[in-house]
Amino acid sequence: MNKSTLPLPPPVFLLIGVVAVSFSSILIKWSEAPASILGMYRLLFTVLLFLPFLPWREMKILFKNSTLKEWLMLAVSGVFLGLHFLFWMESFSHTTVASAMILTALEPVFVVIGAYFLFKEKTSKVGIISILIAVSGSVIIASGDIGVSKTALYGDLLSVLGTVAVSVHMLAGQELCREMPSIIYSFAVFLIGGLVLFVYNICTNVSLIQYDIKDWWIFLLLALIPNIFGHALFNWLLKYVDATTISMAILGEPIGAIILAYFLLGEMTTVSQLVGGMIVMISVMIFLKYKAAELEKVMALQEKSNIS
């Protein structure tokens, strides 16, 4: 961890990032625009905000030398990022902030499952047990929402589909992120995801411009607050903080969103959401910590073999 070049301690930036991404659900709830429009403008406005900071010469060389496989993986990553925003943002129209946000914490679970089938990456018994416990927590949340309404359960399903989609996005992009700067990768997948939602809106006859000034401000704020001051900040912090620390910090997003929803939206949290949420969060924390320890052991063995 390189703290010397940071103007403030890393936890300060992590806190700013967590608060920023926590506002995402609140902004979505405040808007009356369709989820596909919210997602499209969130992605495309972020692309516009990235433009002044892009290394154009490096981008030209990078894309010119990219293989067909890399272009396909970039396309898959961008398409599924767009689908993530479509499903996840739509979930807020049917269920509470608490349920939608807690279920997104299952992302590491789906990533591990996908990595096993796609890359044959094995997970230890501790990891498998953590996954099963996390899934049981999500079942508790869903069972509680059944008692609320079928609409809430449908919202939970959309949130899970959104989490699966972002997991595919992560799996498709994991190798690309090692080959190109984060800002170039983010710019490319945000642009592709935004265009996917643009095509979706055209095909489904969703209006692109007929929205109140309040909604246009929300479109911009979604790009600026959770994307730039949230996700882009986390990507930048990878230079100074390990990925596991950032993953653990991002787990604070559901907690922050639930607190904000209580004060700004008046949403109460049910017993099933509290119990299921605690189970999901604790099990995912255990899983991430164990994976970090596992990775440190592998790196230590590699260093030892290199020395010998």
Side-chain angles (χ1 to χ4, degrees), residues 2 10 13-14 16-18 20-21 24 39-89 104 107-108 110-112 114-115 118-119 121 162-199 222-247 249-250 253 295:
N2 181 11
F13 289 101
L14 288 171
I16 291 171
V18 170
V21 294
S24 179
M40 182 187 78
Y41 282 120
R42 174 175 177 172
L43 290 169
L44 294 183
F45 280 5
T46 305
V47 167
L48 293 176
L49 292 170
F50 273 157
L51 286 176
F53 307 100
L54 289 172
W56 292 101
R57 184 178 297 178
E58 189 175 354
M59 280 181 63
K60 185 178 180 181
I61 296 171
L62 190 64
F63 288 140
K64 185 178 180 180
N65 297 329
S66 295
T67 64
L68 178 61
K69 179 185 176 181
E70 288 171 337
W71 279 108
L72 288 173
M73 296 305 287
L74 191 64
V76 169
S77 182
V79 168
F80 276 90
L81 180 63
L83 292 176
H84 159 67
F85 280 118
L86 178 63
F87 292 134
W88 182 68
M89 287 183 161
T104 60
E107 180 187 333
F110 293 122
V111 169
V112 167
L118 294 174
F119 309 118
E121 292 183 7
T163 306
V164 171
V166 78
S167 301
V168 176
H169 155 71
M170 294 293 291
L171 288 166
Q174 67 177 9
E175 290 186 16
L176 294 173
C177 288
R178 301 188 189 107
E179 303 295 329
M180 62 179 68
S182 61
I183 189 171
I184 296 178
Y185 171 75
S186 297
F187 174 81
V189 295
F190 280 19
L191 179 60
I192 295 168
L195 292 176
V196 166
L197 292 178
F198 173 77
V199 172
L222 278 169
L224 189 61
I225 298 175
N227 276 13
I228 300 298
F229 285 98
H231 299 293
L233 178 62
F234 288 137
N235 290 337
W236 174 70
L237 279 174
L238 283 171
K239 296 178 182 179
Y240 312 99
V241 181
D242 61 274
T244 303
T245 300
I246 291 177
S247 297
I250 293 174
E253 180 184 359
L295 182 61

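What you see below is based on every heavy atom in this structure, not just the backbone, and it leaves out hydrogens, waters and symmetry mates. Predicted, not measured: the structure shown is a model, and the values here were computed from it.
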Give me the atom names and distance for the closest heavy-atom approach of [X] to [Y].
{"X": "Thr163", "Y": "His84", "answer": "N-ND1, 4.4 Å"}
{"X": "Gly39", "Y": "Leu197", "answer": "C-CD1, 3.4 Å"}
{"X": "Ser186", "Y": "Phe50", "answer": "CB-CE1, 3.9 Å"}
{"X": "Leu44", "Y": "Leu195", "answer": "CD2-N, 4.3 Å"}

Met170, CE atom: more than 12 neighbouring heavy atoms under 6.0 Å = no
Greater than 12 external heavy atoms within 6.0 Å of Phe87's CZ = yes
Distance, nearest 0.5 Å, that separates [atom1] of [X] from [atom2] of [Y]:
{"X": "Ser182", "Y": "Phe234", "atom1": "OG", "atom2": "CZ", "answer": "13.5 Å"}
{"X": "Met89", "Y": "Leu222", "atom1": "CE", "atom2": "CG", "answer": "5.0 Å"}
{"X": "Arg42", "Y": "Ile225", "atom1": "CZ", "atom2": "CD1", "answer": "10.5 Å"}
{"X": "Trp56", "Y": "Leu51", "atom1": "CH2", "atom2": "CG", "answer": "5.0 Å"}
{"X": "Leu224", "Y": "Thr46", "atom1": "CG", "atom2": "OG1", "answer": "8.5 Å"}
{"X": "Ile183", "Y": "Phe53", "atom1": "CD1", "atom2": "CZ", "answer": "7.5 Å"}

Residue pair Leu81, Leu43: steps toward the side-chain contact (heavy atoms from CB on, under 4.5 Å) verdict | CA-CA 9 Å; Leu81 180 63; Leu43 290 169; 4.1 Å; yes
Starting from the C-alpha separation in whole Å, work towards a yes-or-no answer on side-chain contact (heavy atoms from CB on, under 4.5 Å) for Ile184 and Phe63.
-> CA-CA 10 Å; Ile184 296 178; Phe63 288 140; 3.8 Å; yes
From the options Lys64, Lys69, Glu70, select the one residue that forms a side-chain contact (heavy atoms from CB on, under 4.5 Å) with Ser66.
-> Glu70
Can you name the one residue among Leu176, Leu74, Val79 that meets side-chain contact (heavy atoms from CB on, under 4.5 Å) with Val189?
-> Leu74
Mind checking ring pair (Phe, Tyr, Trp, His ring centres under 6.0 Å) for Phe45 and listing every partner two or more places apart, or none if nothing turns up?
-> Tyr41
For side-chain contact (heavy atoms from CB on, under 4.5 Å), just list the numbers for Asn227 and Phe190, CA-CA rounded to whole Å, side-chain angles, deciding distance to a tenth of an Å, and then say yes or no.
-> CA-CA 10 Å; Asn227 276 13; Phe190 280 19; 3.7 Å; yes
Who pairs with His169 by side chain to side chain donor-acceptor pair (under 3.5 Å), at least two apart in sequence or on another chain?
-> Ser77
